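Written out below as structure tokens is the structure these notes cover.
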Amino acid sequence: MRGFLIRRAYFALLSLIAATMIVFGLSRVYGDPLLVYTQEGGGYGLSEEQKEEISRYLGLDKPLIVQYLVWIGNSIRGDFGKTLLDRAPVYGLIKGKLGATVQLAIAAWAFAVVTGVPLGVLSATRRGGALDYLGRTFALFGQALPQFWIAIMAIVIFAVYLDWLPASGRALPGDDFWKQVRHFILPTVTLGWLGSATYLRLVRSSMLEVLDSEYVKLARAKGTPAWKVIWKHAFRNALISPITYSSLFLASFITGATVVELVFAWPGIGRLALTAVQNNDFALLTGIVLFFAVAYIFFNFVADVLYGLIDPRIRYD
């Protein structure tokens with residue numbers, strides 16, 4: 001197991017280094033950072049002395065490899081630079097928005113598990129029946145419908161016509177519990193529907209494979225109650241794939257909530273990234289993209305470790 005963890009950590013480190021190179025390279029390919037930072041007439045109204053002074057201040061007068069190493073060193077210490085408009089620390093902005101995004105991601109992941117896993121089991125045990133077709137239809141719509149369309153339709157139906165739930169925003173920390181829950185419902189369902197559909201398909205296919213195995217047929221032949229065959233023998237073995245994919249689902253909810261946050265005016269990192277794009281604020285955007293890359297690589301490493309723990313055969317690949 002130790003060798004397996006070392007190999008996975010090594011590949012995760014290589015992926016992280018590659019991600020930092022890509023993020024830094026894209027920030028330079030996008031254009032001259034000096035022109036983006038100065039903005040006044042595209043930077044063309046500045047004298048050569050002013051440009052040189054700003055270049056020294058930003059560290060742009062050094063070779064690219066030195067700029068990259070300096071940027072990496074600062075990033076490790078949590079210094080991602082300052083924003084373009086108000087010169088606010090990028091790390092502070094990301095930290096301030098991270099809580100809202102993580103809360104929404106965890107809520108969406110919980111919704112996906114609570115709905116997708118039981119529906120997958122029911123769909124497999126009622127193969128070819130009404131529940132199976134209902135579950136597969138639920139999964140089909142969840143994987144086919146765009147998130148922005150689901151969000152808009154949810155607002156129109158449940159916030160405008162029925163007036164059951166708030167259309168946007170997040171409740172204040174001092175608000176009562178049920179008011180905060182009501183603000184979570186629409187963005188959680190919108191973000192988590194795709195994950196629920198994926199869980200359903202994974203559990204259903206795994207359950208069908210396990211239910212057709214010899215040891216399950218033997219348990220049934222011995223007169224083992226149906227509920228015990230399903231939940232004790234089949235379900236436990238069918239959870240290998242869903243468990244290992246859980247960390248990747250959580251990572252995708254954190255890094256992929258931009259559209260949902262935009263439509264529901266959720267004060268998270270996704271909206272912050274959109275603001276960075278609109279303002280051409282490459283320092284802020286670089287910090288956000290780097291955070292997303294680190295989060296995804298970390299959760300991918302966790303998924304590899306879980307897979308190795310659950311299925312020992314993977315450790316020797």
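Quick caveat, the model's predicted, so the values are computed rather than measured.
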Would you say Tyr91 and Phe291 make side-chain contact, with heavy atoms under 4.5 Å?
no

Least distance between heavy atoms, Ala265 atom then Arg271 atom
O-NH1, 3.4 Å

CE/Met207 to CZ/Arg204 distance, rounded to the nearest 0.5 angstrom?
11.0 Å

How many angstroms lie between CD1 in Ile254 and CH2 in Trp109, if you round to the nearest 0.5 Å?
11.5 Å

Classify the ring geometry of Phe158 against Trp164: parallel below 30°, tilted from 30° to 60°, perpendicular beyond 60°.
tilted

Ile185 reachable from Ile150 in the ILVMFWY side-chain graph, under 4.5 Å edges
yes

Does the side chain of Phe111 reach to within under 4.5 Å of the side chain of Val189, using non-hydrogen atoms?
yes

So, do Phe138 and Ser196 sit near enough that their side-chain heavy atoms are less than 4.5 Å apart?
yes

To the closest 0.5 Å, what do you measure between CD1 (Ile288) and CG (Leu272)?
4.0 Å

Minimum side-chain heavy-atom gap Ile269-Phe292 below 4.5 Å:
yes

Interatomic distance, Thr101 atom OG1 to Glu261 atom CD [nearest 0.5 angstrom]:
3.5 Å

Reported CH2-to-CZ distance for the pair Trp266 and Arg170, which is rounded to 0.5 angstrom:
5.5 Å

Is any side-chain heavy atom of Phe264 less than 4.5 Å from a side-chain heavy atom of Ile155?
yes

Connected via hydrophobic side-chain network under 4.5 Å: Trp193 and Phe148
yes

Should Tyr199 and Leu119 count as side-chain neighbours, where that means a heavy-atom distance under 4.5 Å?
no

